[in-house]
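The model shown is predicted, which means the values in this text are computed figures rather than measured ones. Residue numbers begin at 1 in each chain, while the letters A, B, ... track the order of the sequences.
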2 protein chains.
Amino acid sequence: MGRNRATLADVAARAGLSKTAASMVLNGREGTRLSAEAHQRVFAAAEELGYRPNIAARSLRTRKTATIAFVSDIVATTRFAGGLIRGALDAARERDHVLLITETQGDAAFEQYAIETMLDRQVDGVIYAAMATRRLAVPPAILAGRVVLLNATSSEELPCVLPDDERAGGTIAETLLAYGHRDRIALIGRNRPKEHDPEISLAAQARLRGIRDTLAASGVELAVEGFCPEWLPEHGYTATRALLRRPTRPSAIICMNDRLAFGAYQALGEAGLTIPDDISVISFDDDPIASWVRPGLATAALPHEQMGRRAVELLLDGDEHDASLVPMPLRRRRSVAPPAG
Amino acid sequence: MGRNRATLADVAARAGLSKTAASMVLNGREGTRLSAEAHQRVFAAAEELGYRPNIAARSLRTRKTATIAFVSDIVATTRFAGGLIRGALDAARERDHVLLITETQGDAAFEQYAIETMLDRQVDGVIYAAMATRRLAVPPAILAGRVVLLNATSSEELPCVLPDDERAGGTIAETLLAYGHRDRIALIGRNRPKEHDPEISLAAQARLRGIRDTLAASGVELAVEGFCPEWLPEHGYTATRALLRRPTRPSAIICMNDRLAFGAYQALGEAGLTIPDDISVISFDDDPIASWVRPGLATAALPHEQMGRRAVELLLDGDEHDASLVPMPLRRRRSVAPPAG
DNA sequence: ATGCTCTGCTAAATCAGTTTAGCGACGGGG
DNA sequence: CCCCGTCGCTAAACTGATTTAGCAGAGCAT
């Protein structure tokens, strides 16, 4: 790869100038006193030779690589990761940077290895993304450089990017209220206090807080809160069946995420109930499945692209608002309607 | 980042030897005549100083970076990408390599830029992955080095990794035959010849060929072939409704992918039919949704991790079987049963 | 004529490794 | 005693960029 590329020396020779001159011109250095003609000659030579600088050589000297490490536990390979990576890639490209991606799989040894490998390559900064764990212990090795946490927080007060789950909870509640739902709003997906899987608990707590506060402001309380050990369709299914066995049927179900909502759809379908005529369903995440179910599922979207983008911006442009909450826009679909009769 | 790391010179000094000696020892060079004691001293010094080589410096000299470019059109950010990337990451890690990931979004200018950026960084090879286009025009710039195509073929006879769609078609057909289905097997998801979206057509052709040939070997033909413009749930839904309006109801439906199958589930549910008692459904891909639907959907899994892994292996270990077909294992789930009465 | 400044440019050091060429000491054979 | 080969190791070149320090010449004032 790149066997006989032109070097800076070649460009300089062709322009009849020194490497110093060529370097300065090509880097657009201010305050150099090189003549306009010298500029022309260098540009022409570089153009003619198809010159492209050797990044390894450059970064050896400058200690900058225009490379960002994107280290995640398991994010990189979940369906949720796509958007994060895409957003980060876009923002990186706009700044002429490139992404070195690794996954630790939550394994401490892999993590250690991954971080070292990245640092060996002199990355300019690290985006540390998490899916499984929302509050992480950041490996000390990377604290020396710039770090941004993505979808995670830490005790070190590092800059981080998070979805605005609380506000999304508010939006969801407002939506149901606006449609006229009041006393028969159910929720599924609470996790029991003892099972504090940090993934669920942090997001869940924020979402729940947003929902409760907004409802409370209108004098409404959740009628039922169904627990789920995990946020998978089968748990949504079971929780919904449990809901339906109660004396009063809810007019709306808030699901803590779309996979639960999918389970709820299945249970409601089996019970012969029609969404949204008999019961409304609304949820969080905007998983692709939300647009596949019938009727489409209204849901507060996790803004993955925005988040990935924001992480790179924070890392490179470093405006020092340390925590960045990205809004979760509501995708309005047909699963919500006014309560029946 | 990495401001005061120990250098090779530091290690050498501490070991009381030259940089040359230290370099040779640490690289495990054969045929050097350095004493066992010298080896010990170098290793000890490196250990004590926490020495890690500077990759930029090394690759400046060796022109090797232990870095692989993973360039894709849109794969990197679709739900299908996760596995590809994970497999590639794993295989890369095993070989102490690292992945530089980019996405071209199918845009020629982005692609040009992406490739140049990768080559500037002296990557040791390029994995060129495609989702949208199965047969691609490979940019000439990367042909100079090692290239492996992932989920794609080209006219240049480059090494490539593909799922074994044809064989999977055979497996699906065998499965239905084994359950006793014969004359009432329907298929949905054929695309009309004129709409030759290359993504669909190449995979679809192979799958269909596998199905037809295997059925034919048992003297069976597909009863109906339903067309779909794209492979989305809504098209599966429509195609299935069309199927059900025909005089004889199929005993089994083969869907060209899981999203279509999901649409089929919806249509069958609305028609009051039970899977698999009234009708069997079987499909391709093993999208997460296949395990979420009730009953679970039997499907031939796209072996994304294996494919990603294989691509790296082909690139680095370069056994020269140029095309690598990765088997698609059948996930047996409850959606298939013997035909009703 | 001398000294000074400014202009336009360059030599050489530097980054941190790898690699080539070869040096001094020692032992053995002729 | 001299020559040669081997052993154990090192000096220096090299990779391709950036950056520091500074040089030659022109123009101007003294």
Exercise. Between the two end axes of the helix from C:dA1-D:dT30 to C:dG30-D:dC1, each built from 5 base pairs, what angle do you get to the nearest 10°?
Worked result: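 Both end axes considered, the difference amounts to 90°.
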Exercise. Any side-chain heavy atom of A:Leu149 sitting closer than 4.5 Å to one from A:Val161?
Worked result: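 A side-chain contact under 4.5 Å is absent here.
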Exercise. Heavy atoms, side chains only, cut-off 4.5 Å: are B:Ile127 and B:Leu315 in contact?
Worked result: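 Sidechains of B:Leu315 and B:Ile127: in contact.
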Problem set entry | First encountered from the 5' end of DNA chain C, between B:Ala57 and A:Ser18 |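 Nearest-nucleotide comparison on DNA chain C picks A:Ser18.
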Exercise. Under the side chain to side chain donor-acceptor pair (under 3.5 Å) test, which residues partner A:Ser59, sequence neighbours left out?
Worked result: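 So A:Ser59 forms no side chain to side chain donor-acceptor pair (under 3.5 Å) with any residue.
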For this session: Apply side chain to side chain donor-acceptor pair (under 3.5 Å) to B:Asp90 and list each qualifying residue two or more places apart in sequence or on a separate chain.
Result: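 By the side chain to side chain donor-acceptor pair (under 3.5 Å) rule, B:Asp90 matches A:Gln105, B:Arg93.
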Problem set entry | Closest approach of B:Tyr51 to B:Leu8 (non-hydrogen atoms, all atoms of both residues) |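 Smallest heavy-atom distance, with atoms named: CE1-N, 3.3 Å.
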For this session: Compare every heavy atom of B:Leu314 with every heavy atom of B:Pro159, then report the nearest pair and how far apart it is.
Result: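 Scanning both residues, the minimum pair turns out to be CB-CD2, 3.9 Å.
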Problem set entry | All pairs passing salt bridge (charged side-chain N to carboxylate O under 4.0 Å, His left out) where residues 49-62 of chain B contributes a residue, at least two apart |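 Sorted result for residues 49-62 of chain B: A:Glu116-B:Arg52, A:Asp120-B:Arg52.
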Exercise. Under the salt bridge (charged side-chain N to carboxylate O under 4.0 Å, His left out) rule, what pairs show up with a residue in residues 10-35 of chain A, not counting sequence neighbours?
Worked result: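 Listed by first then second residue: A:Arg14-A:Glu48.
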Is there a side-chain contact between [X] and the phosphate of [N], meaning an N or O under 4.0 Å from OP1 or OP2?
X       : N      : result
B:Thr62 : C:dT19 : no
B:Arg5  : C:dA16 : no
B:Arg58 : C:dT18 : yes

Exercise. B:Ile55 near the nucleic acid: base, sugar-phosphate alone, or nothing, with a heavy-atom cut-off under 4.0 Å?
Worked result: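 It contacts nothing in the nucleic acid.
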For this session: Give one of base, sugar-phosphate or nothing for A:Ser23, where a contact means two heavy atoms less than 4.0 Å apart.
Result: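 Answer is base: heavy atoms of A:Ser23 come under 4.0 Å of a base.
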Problem set entry | side-chain contact (heavy atoms from CB on, under 4.5 Å) partners for A:Glu37, two or more places apart |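 So A:Glu37 forms a side-chain contact (heavy atoms from CB on, under 4.5 Å) with A:Ser35, A:Arg41.
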Exercise. Got a sec, which residues hit side-chain contact (heavy atoms from CB on, under 4.5 Å) with B:Glu111, two or more places apart in sequence or on another chain?
Worked result: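 Result, side-chain contact (heavy atoms from CB on, under 4.5 Å) vs B:Glu111: B:Thr104, B:Ile115, B:Tyr128, B:Pro139.
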For this session: Give, ordered by number, those residues of residues 37-54 of chain B having at least one heavy-atom distance below 4.0 Å to an atom of DNA chain D; if nothing qualifies, reply none.
Result: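 Residues of residues 37-54 of chain B under 4.0 Å from DNA chain D: B:Ala38.
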Exercise. After noting the C-alpha distance and the side-chain angles of B:Met24 and B:Leu34, does the key distance pass the side-chain contact (heavy atoms from CB on, under 4.5 Å) rule?
Worked result: CA-CA 9 Å; B:Met24 288 172 150; B:Leu34 291 162; 4.2 Å; yes
Exercise. Cut-off 3.5 Å, side chains only: do B:Asp107 and B:Tyr113 have a donor facing an acceptor?
Worked result: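 Their side chains do not contain a donor-acceptor pair, so the 3.5 Å distance test is not met.
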Problem set entry | Outermost nucleotides of DNA chain D that come under 4.0 Å of a non-hydrogen atom of chain B |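 Using the under 4.0 Å cut-off, the span is D:dC7 to D:dG16.
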Problem set entry | Whole angstrom value for the distance that separates C1' of C:dT19 from CD of B:Glu30 |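 Result: 17 Å.
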For this session: Round to the nearest Å and state the distance from B:Lys64 atom NZ to C:dT19 atom P.
Result: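 So the NZ-P distance, B:Lys64 to C:dT19, works out to 11 Å.
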Please tabulate, one pair per line, each protein N/O and nucleotide N/O from nucleotides 22-24 of chain C that are separated by under 3.5 Å, including the distance.
none

Problem set entry | B:Arg95 and B:Asp317 ion-paired at < 4.0 Å |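 Result for this pair is yes, salt bridge flagged.
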For this session: Not counting sequence neighbours, which residues clear salt bridge (Lys or Arg N to Asp or Glu O under 4.0 Å) with A:Arg309? List them please.
Result: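 In terms of salt bridge (Lys or Arg N to Asp or Glu O under 4.0 Å), with neighbours along the sequence ignored, A:Arg309 is linked to A:Glu94, A:Glu313.
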Please enumerate all protein N or O atoms sitting under 3.5 Å from an N or O of nucleotides 12-14 of chain C, with distances to 0.1 Å.
unit_1: C:dT14; atom_1: O2; unit_2: A:Arg61; atom_2: NE; d: 3.4
unit_1: C:dT14; atom_1: O2; unit_2: A:Arg61; atom_2: NH1; d: 3.3

Problem set entry | CA sep, side-chain torsions, deciding dist, call: A:Glu103, A:Asp73, side-chain contact (heavy atoms from CB on, under 4.5 Å) | CA-CA 5 Å; A:Glu103 210 195 43; A:Asp73 50 1; over 6 Å; no
For this session: Let me see the working for A:Arg5 and B:Leu119 under side-chain contact (heavy atoms from CB on, under 4.5 Å), right down to the final yes or no.
Result: CA-CA 10 Å; A:Arg5 292 163 51 127; B:Leu119 294 183; 3.9 Å; yes
